[in-house]
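Hydrogens, waters and symmetry mates play no part in the numbers below; they use all other heavy atoms, side chains included. Just so we're on the same page: letters track the sequence lines, and every chain starts at 1. Quick caveat: nothing in here was measured; it's all calculated off a predicted structure.
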Amino acid sequence: MGGYPLDLVRSEVVDLLREFTRSRFGTSDYPIVFKIAPPGMGDLCIPLHPVARACNCSVDDLGREFVEFFEECAKKGRVRFVRSVEFVRGFLNIWVNEREIARLLFKLVRDLGDSFGKPLDLKPMKILIEHTSANPIHPLHLGHGRNAVLGDTLARLLKFCGHEVRRHFYVNDCGLQVAYVAYGFKLLGSLEVPEGWKPDHYVGFVYAAVNCIVELLKLKKKLEELKNLGKEDEYRLTLKELDDWLGVAGELREKLPHVFDRLTELIKSDPNPEASIMEINRRYEAGDPEAVKLVRSICELCLRGFKETLAEIGIEFDSWDWESDIAVWSGAVRDVVKKLASLPFAVVKNGALTFRASEYLKCSGVSKVLGISDESEVPDVTLTRRDGTTLYVTRDVVYTMWKFRKFGVDKVINVISSEQRLAQLHLKILLHALGYSDYAKNTIHYSYEFVQLPGIRMSGRRGRYVTLDEVVNELRRRCLAEVNKRQPHLSNSEKENIARAVAKAALRYAFVCVSPSKVVTFDWSKVLDFSRNSGPFLQYSYARACGILRRVESIPDLESIQVPESMDPSERELIVKLCQFPDVVAEAERSLRVDVIADYANSLCLTFNTFYERVPVLQASEPQRIFRLGLVYVFKKVLGIVFDILGLEKLERI
RNA sequence: GGCCCCGUGGCCUAGCCUGGAAGGGCGGCGGCCUUCUAAGCCGCAGGUCCCGGGUUCAAAUCCCGGCGGGGCCGCCA
């Protein structure tokens, strides 16, 4: 007999319910939906209304009669995994047989070990997940943190489920923004990082400074023109914008006055900074050795910083994909542009090649494949600039094709913020237009909302962001203080190790526990709250289990544990909660939702802590003692699996 | 102007896909450390599920129309 404990519970009920309605009402053709019952109403429940409708009878009659039938079957020994059922106000409430499922749970955990909970009938796929992919022009901020944690956790989840997963970081080295930093460094004449600065932070500073200075010059020029033209309203608006950027300049200058002033001077003496920036971009795409050396060194500098930060929160990649290599220098983007240009939907607008997306959608009826409504208008896509350089979406088409071809993957998941929804739609439309409808269909935009700062929105161009480094460092500082209080006897390196792991857990959990579709407003007091529903709380619960197991000579053999006749409610609840794990994994995999894993982890720990406080384990008398030890062991095992999925470290002490 | 996401006790959040008994957490109040880590446990108070219609025996959930917040509609990425 296969299946996880609750699968067996469900199939037992389903079989009897269908058998009953077939003989009593002549039908068994209806869907049966199980839900987790509310507290005190059993373990699982089925709303019987739809069943009653299919049977053409009243819910009350159906419920009453089925309970009778069920109890008859139970008397005949036909029921094993269900303890009892009850009919209340339209619901069939089901109490599982905790002794039977406990035995099964022990056996499965023993046999399956670390793959307990893995879906049993899943078709494994090859999946490529692209995540984080921050532009290599400033340090990772909190928004990237959310992206990275979601992407990495998703990768861990899918890998656990049996899929073959690759994690890729797309290095965006071709855009104009990289040319901005490169311009700055070129003027400065050196890539040397000032004393006390992390490389990516310094790159971010130069990027923001160049942006700011160029913007100021542009606005001043515009103001003059508007003044001469006498356009008062626009003048006032522009003045306000100028004011905003002057504020930014003030903030930036404060950080590194020498560098900022020097850049200001150098940029001012350039008659046309923007043209110089475009020129760098053009040369880089063309593979000009000097431009290549400059841009690449800057990107490498920044990536070095990224890797350091990501390592702190347990994130690694299987591949770092350079946009320039894959899309531009290989000539692939040129070929794609040529192919797109030959389609009847391509037009030249002001010298730039443009793709008429809406018309393509209308003519070919692809909207269904891409899951968008027929009448929706989609803006045109600009494929190339007037100077012939390429644009992001066009290069992304090439990149996506590369992902599918090079690795033969079945599915590509792009973890990208919701503001790029349209770009991702354009990507899919272009793929389809090129004849790759499968690629279009199997490219998933895994969208998530912003992380906001109270009041302002983060802006790389303005140098306004809370970096991931700041948050991680502050978390670690707080954790270390706490560990010093709790575990004064440990060595410094042990304490630091714990603090590092707890800080990581706090951060990862904070990002993973909210659903991606919600905007998150960053709040120190929330991230630093280590009580229930936090990463540290989970680790604390784990350590408590370790504390018990550490004190016994050996872990009991799970298969031979005697399950006692009667249990404390907290033992029963723990068993049921542990048995829910496979359901949770299946749901998370189906809907690509890591937050349900986080939610489960928290709820499992709440249940365990109640058990921990209510019943003694080590002091218990013999039949109970072994049984409870088994429960603690299984809890530790399952929570450990959850930790692997969430990327939290399993600390024996905390 | 068009499109997308969000709106659940003072605050944060699950449930919405697949209609059926509103779950957590923070904060507040009151209890529990001579016994396995109190980052814990137990109890109490607190809710027009943004508003208005509709569908349904049944709506937080589905449909329509509003309101509020965020995002997108670039020869930026």
With a 4.0 Å cut-off on heavy atoms, is [X] in touch with a base, just the backbone sugar-phosphate, or nothing at all?
X        : result
A/Glu652 : base
A/Phe537 : sugar-phosphate
A/Arg395 : sugar-phosphate
A/Gln539 : nothing
A/Gly90  : nothing
A/Ser534 : nothing
A/Arg386 : base
A/Asp387 : nothing
A/Phe450 : sugar-phosphate
A/Asn93  : base
A/Pro50  : base
A/Arg590 : base
A/Leu422 : sugar-phosphate
A/Arg486 : base

Rounding to an integer number of angstrom, what distance separates [N] and [M] when you compare their [atom1] atoms?
N     : M     : atom1 : answer
B/A14 : B/G47 : C1'   : 15 Å
B/G25 : B/C44 : P     : 13 Å
B/C64 : B/C3  : P     : 11 Å
B/A38 : B/G31 : C1'   : 13 Å
B/G19 : B/C57 : P     : 15 Å
B/C73 : B/C17 : P     : 31 Å
B/G68 : B/C51 : C1'   : 10 Å
B/G66 : B/G20 : P     : 27 Å

Stepwise side-chain contact (heavy atoms from CB on, under 4.5 Å) check, A/Asp43 with A/Arg572 | CA-CA 10 Å; A/Asp43 304 305; A/Arg572 191 181 183 285; 2.9 Å; yes
Nucleotide opposite B/C49 in a Watson-Crick or G-U pair, distances under 3.5 Å |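 Check on B/C49: unpaired, no WC or wobble geometry under 3.5 Å.
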Pairing partner (Watson-Crick or G-U wobble, both distances under 3.5 angstrom) of B/G30 |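 WC or wobble partner is B/C42.
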Of A/Arg421 and A/Val615, whose closest RNA chain B nucleotide lies nearer the 5' terminus?
->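 Between the two, 5'-proximity favours A/Arg421.
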RNA chain B: 5'-proximal contact among A/Pro536 and A/His49 (nearest heavy atom) =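 Closest to the 5' end, via its nearest nucleotide, is A/His49.
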Contact summary for A/Phe530 and A/Ala506, nearest pair of heavy atoms =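 Looks like CE2-CB, 3.9 Å.
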For A/Leu430 and A/Val381, run side-chain contact (heavy atoms from CB on, under 4.5 Å): C-alpha distance rounded to whole Å, both residues' side-chain angles, the deciding distance at 0.1 Å, then the answer.
-> CA-CA 9 Å; A/Leu430 292 175; A/Val381 199; 4.3 Å; yes
For [X], check side-chain hydrogen bond (donor to acceptor under 3.5 Å, both in side chains) against everything at least two apart and list the hits.
X        : value
A/Arg593 : A/Asp595
A/Tyr612 : none
A/Thr21  : A/Tyr30

Pairing of A/Glu482 and A/Arg477 as salt bridge, 4.0 angstrom limit |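 Salt bridge between A/Glu482 and A/Arg477, a charged N being under 4.0 Å from a carboxylate O: no.
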With a 4.0 Å heavy-atom cut-off, tell me which residues in residues 33-46 of chain A come close to RNA chain B, sorted by residue number.
->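 Only A/Lys35, A/Pro38, A/Met41, A/Cys45 qualify.
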Ring-face cation contact, A/Trp245 with A/Arg462, 6.0 Å cut, 45° max =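 Yes, A/Arg462 lies over the aromatic ring of A/Trp245.
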For B/C49, glycosidic torsion class - syn if within 90° of 0, otherwise anti =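 Classified anti.
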Please work out which of the three classes, parallel, tilted or perpendicular, describes the rings of A/His138 and A/Tyr207, given edges at 30° and 60°.
-> perpendicular
List for me each residue that meets side chain to side chain contact (heavy atoms under 4.5 Å, CB included) alongside A/Lys526, sequence neighbours excluded, and say none if there are none.
->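 Applying side chain to side chain contact (heavy atoms under 4.5 Å, CB included) to A/Lys526 gives A/Asp523.
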Of all nucleotides in RNA chain B with an atom under 4.0 Å from a non-hydrogen atom of chain A, which is the first and which the last going 5' to 3'?
-> B/C4 to B/A77
Between A/Phe66 and A/Phe87, does the ring centre distance come in under 6.0 Å?
-> no
